[in-house]
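Following: one structure in structure tokens, then a few remarks.
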Amino acid sequence: MKKITTVFLLVLSLAVFMAIAVSAETIEISTPEQLMSVSGSDSYILTEDIDLSGVDFTPIGTEDAPFSGGFDGNNKTISGLAFDEAGEYIGLFGFCEDATIKNVKIKDIVVDVSGVKNVEAYVAGICAYAKGNCKFENCTVSGSINVEGSDCDIYAAGICAHVQSGIKGTFTSFTSCVNNASVNVETTGNSVQAHAAGIAAFGNFSDVI
């Protein structure tokens with residue numbers, strides 16, 4: 001009986017190890033369709049340049065289902081990313097929490113959004129809203145970001161529009177990130193705020209290195 005129990009525990013341990021190995025596998029991304037499937041807490045890596053021209057791209061991650069994994073752009077280039085419809089979270093990533101985004105190059109992004117109204121809007125090349133422990137490393141953005149609205153607060157930046165860290169000791173960092181995109185924000189109405197920046201339009205408990 002003891003021998004059988006030992007064998008069972010050995011098999012169980014092997015199964016757990018295999019499950020961990022599978023969950024830690026990095027998923028390769030090489031097409032627009034695969035890029036749009038990025039979600040959850042998995043790890044991803046780009047293996048080819050991706051052209052999103054003509055693609056109705058949906059930002060990765062939402063407030064209800066944030067992206068909390070790892071994304072390695074592998075110094076490949078994402079081009080053709082464009083947004084022309086108003087939304088609350090606009091960017092390659094819409095909402096990230098405890099995520100790591102690195103080695104991402106976004107070339108010639110075009111954001112031309114107007115008509116934002118009665119809602120806070122977060123717009124960026126890499127990530128619209130970052131929460132908790134997020135890390136942005138070696139990310140580069142070029143192109144133009146233009147946002148207009150009324151009766152609303154708008155945050156826009158090349159890398160990340162809004163950082164909300166500090167809760168339970170969380171911290172977000174930007175390391176070796178470069179913004180070459182123009183960023184323009186205009187909002188009208190009562191008690192409204194317009195925030196525009198190269199790296200981060202609003203950073204709570206964050207560091208730029």
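None of these values were measured; they are calculated from a predicted model.
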Taking side chain to side chain contact (heavy atoms under 4.5 Å, CB included) as the criterion, tell me which of Val104, Ile29, Ile45, Leu46 meets it with Lys76.
Leu46
Are Leu35 and Tyr89 connected in a single hydrophobic cluster, I mean Ile/Leu/Val/Met/Phe/Trp/Tyr linked by side-chain heavy atoms less than 4.5 Å apart?
no
Partners passing salt bridge (Lys or Arg N to Asp or Glu O under 4.0 Å) against Asp151 (at least two apart in sequence or in another chain)
Lys117
Taking it one step at a time, do Asn74 and Asn103 satisfy side chain to side chain contact (heavy atoms under 4.5 Å, CB included)?
CA-CA 5 Å; Asn74 197 24; Asn103 305 323; 5.7 Å; no
Value rounded to 0.5 Å, distance of OG in Ser79 from CG in Asp49
7.5 Å
Where do Phe171 and Phe205 land on the ring pair (Phe, Tyr, Trp, His ring centres under 6.0 Å) test, with the steps shown first?
CA-CA 6 Å; Phe171 198 84; Phe205 285 84; 7.2 Å; no
How about Asp72 and Tyr44: do any of their side-chain heavy atoms sit closer than 4.5 Å?
no
Would you compute the distance between atom CZ of Phe95 and atom SG of Cys127 and round it to the nearest 0.5 angstrom?
8.5 Å
Here the gap from Glu137 atom CD to Ser173 atom OG, rounded to the nearest 0.5 Å, amounts to 6.5 Å
Once you round to the nearest 0.5 Å, how far does CD1 of Ile101 lie from CG of Asn138?
13.0 Å
In terms of heavy-atom contacts, does CG of Asp56 have more than 12 from other residues, nucleotides or ligands at under 6.0 Å?
no
Could you check whether the rings of His162 and Tyr155 sit parallel, tilted or perpendicular, using 30° and 60° as the cut-offs?
perpendicular
Check Ile106 against Ile126 and note the closest heavy-atom contact, atom names and distance.
CD1-CD1, 3.6 Å
Do the non-hydrogen side-chain atoms of Tyr129 and Glu63 ever get within less than 4.5 Å of each other?
no
Are the side chains of Ser165 and Asn204 in contact, using a 4.5 Å heavy-atom criterion?
no
Pro59 and Phe93, any side-chain heavy atoms less than 4.5 Å apart:
no
Are any of the side-chain heavy atoms of Val55 and Met36 separated by less than 4.5 Å?
yes
Could you walk me through whether Glu33 and Ser37 satisfy the side-chain hydrogen bond (donor to acceptor under 3.5 Å, both in side chains) test, starting with their C-alpha distance in whole Å, then the side-chain angles of each, then the deciding distance to 0.1 Å, before giving a yes or no?
CA-CA 6 Å; Glu33 293 76 17; Ser37 71; over 6 Å; no
What's the shortest heavy-atom distance between Ala156 and Ala201, and which atoms?
O-CB, 3.5 Å
Pairwise side-chain contact, Phe136 with Cys177, heavy-atom cut-off 4.5 Å (strictly under)
yes
Side chains of Phe71 and Thr100: closer than 4.5 Å at any heavy-atom pair?
no
Can you check whether Asp108's main-chain N or O pairs, donor with acceptor, with Ser142's side chain at less than 3.5 Å?
yes
Taking the side chain as every heavy atom from C-beta outward, state whether Leu81 and Leu92 have any atom pair closer than 4.5 Å.
yes
